[in-house]
Structures are given as C-alpha cells and as structure tokens.
Engineer: 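My structure is below; once you've seen it, I'll send some questions.
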Amino acid sequence: MIKDIRTFSDLLEICTNENKTICEVFELQEANFQEISVEQVRLRVKKALDAMKNAIEIGLTSKEKSISGQCGDDCVRLKERYSKKHAIFGECFEKITTYALATSEENLRMGKIVACPTAGSCGIVPSVIIGISEEYKFDENTQIDALITAGAVATIVSYKMSLAGAVGGCQAECGVASAMAAAAVTQMFGGSVKQILNAVALCLKNILGLTCDPVAGLVEIPCVKRNPFLAINSITAFEFAISDIESKIPTDEVVDAMAQIGELMSPTLKESSQAGLAKTKTAVEIDKKLKDKYKGKI
Amino acid sequence: MKQSSLFNAIYPIMIGPSSSHTAGAVRLGLLARNIFGNNIKNITFKLYNSYAQTGFGHGTDKGLLAGILGLKVDDIRIKNIFNLPEAKNLNYKFEYLEDFNRHPNSVDFIMESDDERMYIVGNSIGAGNVRIIKINDFSVKISGEYNTLVINYKDVAGMISKVTGLIQLQNINIASLICDRNAKGEEASMCICLDKDIDLDIVEKIKLIPDVYFVKNVKKLES
C-alpha cells in the first residue's frame with residue numbers, strides 16, 4: 001500500500017501522476033485505511049452532508065437562544081432583511097451567509113450539527129457547498145466530491161498543526177474551515193488540483209494570526225458571526241484561484257507559517273479567554289452576569 | 001505521527017456547541033460506562049478547570065450524564081437529558097473544582113453499584129478526542145479508538161506472556177500495551193489495545209489466570 005499523503009506537494013504530485021482529482025485520491029486512501037469500499041466511504045460522507053442540510057433547515061427558522069441567552073436570533077434577522085432588500089452581492093451571498101449563521105446558531109442551542117473540522121466552525125463548509133449547489137444546481141455526487149476535497153485539506157493541515165483553538169488559535173478552526181470551503185467550491189466548479197491548492201493557500205494567508213478569545217469561554221461571541229464572514233472569505237480565494245492567480249508562497253509553506261504562528265501565539269489568546277475580546281470591558285461584564293446567573297445552578 | 005482519517009475532519013455528527021466540552025463529555029461518559037458497566041446506582045461527576053468554569057454554557061454536565069446513560073454524541077435527547085426517565089432513575093451529582101495540576105478539561109467519575117465502587121479520571125484533549133487516564137489508583141490510557149482490555153492483577157512474573165498468549169489464540173493484533181504497578185509484587189494494571197473484537201471466552205480465560213483481580217473488556221466508541 002502506498003504511504004498516506006501528508007503534504008500538499010505530495011498530493012499535487014500523486015494527482016498529476018495518476019491523473020486523478022483530490023477527491024478520487026482521498027476516497028481511495030480512506031477506503032484502504034478503513035478497510036471498506038469507496039462506496040461505503042462516499043455513503044458516510046453523504047450522511048454528513050445530509051446532517052448538514054438538516055441543521056441548516058432547522059437553523060433557518062429557529063429563534064431559540066443558547067443556554068447563556070447571548071446568541072441565537074441573528075439568522076432570522078438577516079433573513080428578514082434579505083426578504084425586503086436583497087444583498088448587494090446577490091442571492092448566492094444571501095444563502096451562504098444565512099446558511100452559515102443558521103448552522104452556527106443551531107450548534108450553540110445544542111442542536112445536531114457536523115463538526116467540520118470543529119463544532120465552533122461548523123457553519124462554514126456546509127454553507128458554501130450547499131448554498132452554491134442550490135444556486136448552480138450541482139448534484140449530490142458533486143457535493144460529496146466537494147466535501148471529500150474539503151476533508152482532504154483539513155487532514156493534510158492536521159499533520160502539521162492540531163485543529164483545536166486551544167493549540168493553534170481560531171486559525172486552526174474557522175481559518176482551516178474557510179480553506180476547506182475554498183477547496184470545495186473550486187472543486188465544484190471544476191478547478192484543477194493546482195487551482196484548488198492555490199485557493200487553500202490564498203484563503204489561509206488571509207486568516208493567519210486569527211485568535212481564539214471567546215467571551216465568557218463560550219462558543220458564541222465572536223464564533224457564531226465569524227462563520228459567515230469566513231465562508232465569504234473562501235469565495236474570494238476561489239475567485240482568485242480559478243482565475244489562475246497563484247499564491248507566491250506555496251500551500252505547504254503557508255501551513256508551516258500558520259503552525260508556527262499558532263505556537264508563538266500567547267496562550268492567553270488560545271481558548272483560555274484571558275485576553276483580547278474576552279477581556280474587553282463589555283465581555284467582562286457579560287462574563288460576570290453569566291456567572292451570577294449560574295451560581296444557583298452549579 | 002499516526003495516519004489520520006478523513007472522518008476526523010468532516011465528522012462527527014454531534015450535538016453542539018463544543019467538540020471538547022459537549023461531544024468530548026459524552027464520549028468520556030460512554031467510556032466510563034463501558035468500563036464500569038451499566039448497573040450504576042450512584043455517580044458523582046467532578047468537573048475541573050475549564051470544564052467547571054464554562055461547562056454550564058457548553059452543556060458539559062448534560063454531555064457527561066448522557067454518556068453515562070449510553071446516549072451517543074448525536075442524540076438529540078442530550079439537550080433535555082435531565083428530564084429523561086433514565087436520568088431520573090439515577091442518583092447523580094455534579095461538583096465544580098479548580099486544580100491546575102490537572103488537564104484544562106478534566107473530569108472524575110465516582111461510580112457505585114450495589115457491589116462495586118470505582119473511580120475514573122478522564123480528559124477531553126481537543127477536537128472531541130478523549131482519554132481515560134486513571135481507573136482507581138492505576139494509570140491507564142483508553143481513547144475509545146480501540147477495543148481495550150483493562151486488566152488488574154498481582155505484579156508477578158510472566159503475566160504479560162500469559163495474557164498475550166491467550167489473545168494470540170484468536171490471532172488478534174495488539175496495537176499497544178501499557179503496564180503500571182503500585183510497587184514490586186503489589187497490584188498492577190495492563191491496558192491492551194486490540195485491532196479486533198476479542199471473543200468473550202478468551203476474556204473469561206484471562207479472568208481465570210491466577211492473580212488476576214479483574215478484567216474489563218472496554219468496547220471502542222462509534223465515531
């Protein structure tokens with residue numbers, strides 16, 4: 001059995017030599033790894049895709065707040081506004097932003113979501129794959145291909161850095177999710193492997209240094225709204241990459257930089273809520289209010 | 001570094017909001033249940049550090065209890081677990097502590113049935129991955145990724161050979177083996193990760209080896 005693929009340059013080489021897409025290479029690798037058929041791999045990916053669609057559907061109409069009461073009703077607000085006046089970037093933008101928000105809000109109200117790669121970043125990949133597929137009529141197989149491509153990106157990154165905010169900051173969560181989405185959309189529009197890798201690099205270069213400093217230590221502020229923002233980031237990366245604009249720094253080196261920045265980032269900015277946004281005057285007030293509220297319960 | 005599955009990146013399907021604080025909590029609860037058995041009467045959960053400080057907002061308490069009751073990470077009943085009949089039949093309590101010698105996301109399970117009491121320590125190490133690191137006084141390493149045999153025995157020569165010899169009868173590959181002991185000749189423990197499901201009659205044979213105190217066949221978690 002061939003060695004598993006751990007760098008983007010190896011991925012490019014294998015895809016080029018075997019004349020295969022990233023999806024084809026990775027679904028086969030996964031089938032070998034799990035000792036199952038490629039069809040079974042795809043079926044499992046379809047299950048995740050279906051769960052993503054389900055989360056969007058429920059999340060789009062719910063106004064239920066999270067346990068903390070801080071978040072949960074913004075998607076409905078965004079939808080209402082779009083129903084009166086369209087987004088200036090059109091309906092595809094509307095779908096991506098509402099779907100990302102719907103999924104993230106469903107997550108914080110303890111609904112069922114798909115960690116992609118993490119729960120805090122669960123809205124980004126689904127909103128892009130599903131929103132764009134609805135607009136451009138991509139079929140289910142194309143969506144499964146896209147999700148496998150997205151998974152391949154996160155898998156390769158994960159060999160260099162842990163995909164956890166506590167280790168790499170939000171770069172490793174929403175940042176990587178954004179790069180996954182960029183790869184997915186480039187795959188759906190028939191981009192080459194090289195274009196996909198450029199989309200990943202361009203996307204990541206624009207989230208380097210992203211901290212994880214959530215208010216009151218909860219997956220709420222700024223995580224929920226960050227999902228739609230970084231979903232749109234992936235579209236910018238796609239538009240550039242599909243136009244054959246190259247990242248001057250190769251994808252693997254960008255990932256190396258991200259891993260290094262993650263290591264250098266102060267622990268106070270990595271999911272510990274000891275600095276940054278989490279220690280602003282208002283955040284401290286929110287934190288205190290929540291602690292008082294829970295006192296009776298814990 | 002170990003090979004990673006595609007499904008670490010686009011899974012699990014889970015109840016939110018946090019892979020470490022919610023899904024990880026469910027998985028720790030499930031492992032504790034797999035180790036102790038499903039006859040728990042009383043249980044105390046001791047949550048430490050970040051689990052204690054942000055656990056309420058993340059539903060960590062709900063996740064831990066759900067796991068102990070055998071619910072999977074994607075079970076929509078987790079959200080209202082306290083109202084579930086199964087929860088009402090269990091005598092449980094939560095304690096919230098700080099101990100910076102411990103992992104940031106750490107929990108103790110103190111479990112009792114009619115005839116057994118057990119103390120288990122678990123950590124949620126990120127991205128929904130978990131480790132049980134202690135059973136009673138013994139260091140163990142159980143991740144839920146493998147079927148794991150946990151054996152508690154008197155520290156005597158030849159024990160590893162006897163146990164692995166029995167496993168070999170079924171031709172199962174051993175992925176890893178970790179041993180620990182209190183002191184020479186006293187109680188010791190062994191954690192054996194297996195690549196396949198072991199037959200129950202082999203587990204029974206291991207139980208019959210002289211100086212073996214207990215054997216737990218801890219099932220791996222479904223991802």
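Here is the naming used below: chain letters follow the sequence lines, and residue numbers restart at 1 for every chain.
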Engineer: Measure the CG-CD distance between B:Leu6 and A:Glu30 for me, rounded to the nearest 0.5 Å.
Structural biologist: 5.0 Å
Engineer: For A:Arg109, does its backbone N or O pair with a side-chain atom of B:Lys79 as donor and acceptor, under 3.5 Å?
Structural biologist: yes
Engineer: Can you find a pair of side-chain heavy atoms, one from A:Val45 and one from B:Phe7, that are under 4.5 Å apart?
Structural biologist: yes
Engineer: Pick one of side chain, backbone, both or neither for B:Lys2, based on which atoms fall under 4.5 Å of a heavy atom in chain A.
Structural biologist: backbone
Engineer: Give, for atom CG of A:Asp4 and atom OG of B:Ser5, the distance between the pair rounded to the nearest 0.5 Å.
Structural biologist: 11.0 Å
Engineer: Grab the two heavy atoms, one from A:Ala119 and one from B:Pro17, that are nearest each other, plus how far apart they are.
Structural biologist: CB-O, 3.3 Å
Engineer: Distance from A:Met52 atom CE to B:Ile10 atom CD1, nearest 0.5 Å?
Structural biologist: 6.5 Å
Engineer: For chain B, which of A:Gln70, A:Glu64, A:Glu106 has the most heavy-atom pairs under 4.5 Å?
Structural biologist: A:Glu64
Engineer: Check each atom of B:Asn8 against the heavy atoms of chain A and say whether the ones under 4.5 Å are side chain, backbone, both or neither.
Structural biologist: backbone
Engineer: Given heavy-atom pairs under 4.5 angstrom as the criterion, report whether the side chain, backbone, both or neither of B:Thr22 touches chain A.
Structural biologist: side chain
Engineer: Heavy-atom distance under 4.5 Å to chain B: side chain of A:Ala177, backbone, both or neither?
Structural biologist: neither
Engineer: What are the two closest non-hydrogen atoms of A:Val219 and B:Ser18, and how far apart are they?
Structural biologist: CG2-CB, 4.0 Å
Engineer: What part of A:Ala166 gets closer than 4.5 Å to chain B, counting heavy atoms only: side chain, backbone, both or neither?
Structural biologist: neither
Engineer: Drop me the distance from B:Ser4's OG to A:Leu163's CG, to the nearest 0.5 angstrom.
Structural biologist: 8.0 Å
Engineer: When you compare the side chain of B:Met14 with that of A:Val114, does any pair of heavy atoms fall below 4.5 Å?
Structural biologist: no
Engineer: Does B:Phe56 reach the side chain of A:Lys291, with side-chain heavy atoms less than 4.5 Å apart?
Structural biologist: no
Engineer: Would you find more than 12 non-hydrogen atoms of other residues, nucleotides or ligands less than 6.0 Å from B:Lys162 atom NZ?
Structural biologist: yes
Engineer: Identify the heavy atoms of A:Glu271 and B:Ser20 that sit nearest to each other, and give their distance.
Structural biologist: OE2-OG, 4.2 Å
Engineer: Any idea which heavy atoms bring A:Lys47 and B:Ile13 closest together, and the distance?
Structural biologist: O-CD1, 3.7 Å
Engineer: Please examine the side chains of B:Gln53 and A:Ser273, heavy atoms only from C-beta on, and report whether any two atoms are closer than 4.5 Å.
Structural biologist: no
Engineer: Please look at A:Ser158 and chain B and tell me whether the side chain, the backbone, both or neither of the residue comes under 4.5 angstrom of a heavy atom of that chain.
Structural biologist: both
Engineer: Answer yes or no: does atom CG of B:Asp137 have more than 12 heavy-atom neighbours from other residues, nucleotides or ligands under 6.0 Å?
Structural biologist: no
Engineer: Nearest 0.5 angstrom please: B:Ser19 OG to A:Glu173 CD, how far?
Structural biologist: 6.0 Å
Engineer: With chain B as the partner, which of A:Ile113, A:Thr155, A:Val176 has the greatest number of non-hydrogen pairs under 4.5 Å?
Structural biologist: A:Ile113
Engineer: Check whether more than 12 heavy atoms from other residues, nucleotides or ligands sit under 6.0 Å from atom CD of B:Gln170, and answer yes or no.
Structural biologist: yes
Engineer: Tell me, for A:Ile156 versus chain B, whether the close heavy atoms (under 4.5 Å) come from the side chain, the backbone, both or neither.
Structural biologist: neither
Engineer: With chain B as the partner, which of A:Glu27, A:Gln34, A:Lys112, A:Glu220 has the greatest number of non-hydrogen pairs under 4.5 Å?
Structural biologist: A:Lys112
Engineer: Using only atom types and a distance under 3.5 Å, with no angle test, would you say the side chain of B:Tyr11 pairs donor to acceptor with the backbone of A:Cys116?
Structural biologist: no
Engineer: Need one label for A:Val41: side chain, backbone, both or neither, based on atoms under 4.5 Å from any heavy atom in chain B.
Structural biologist: both
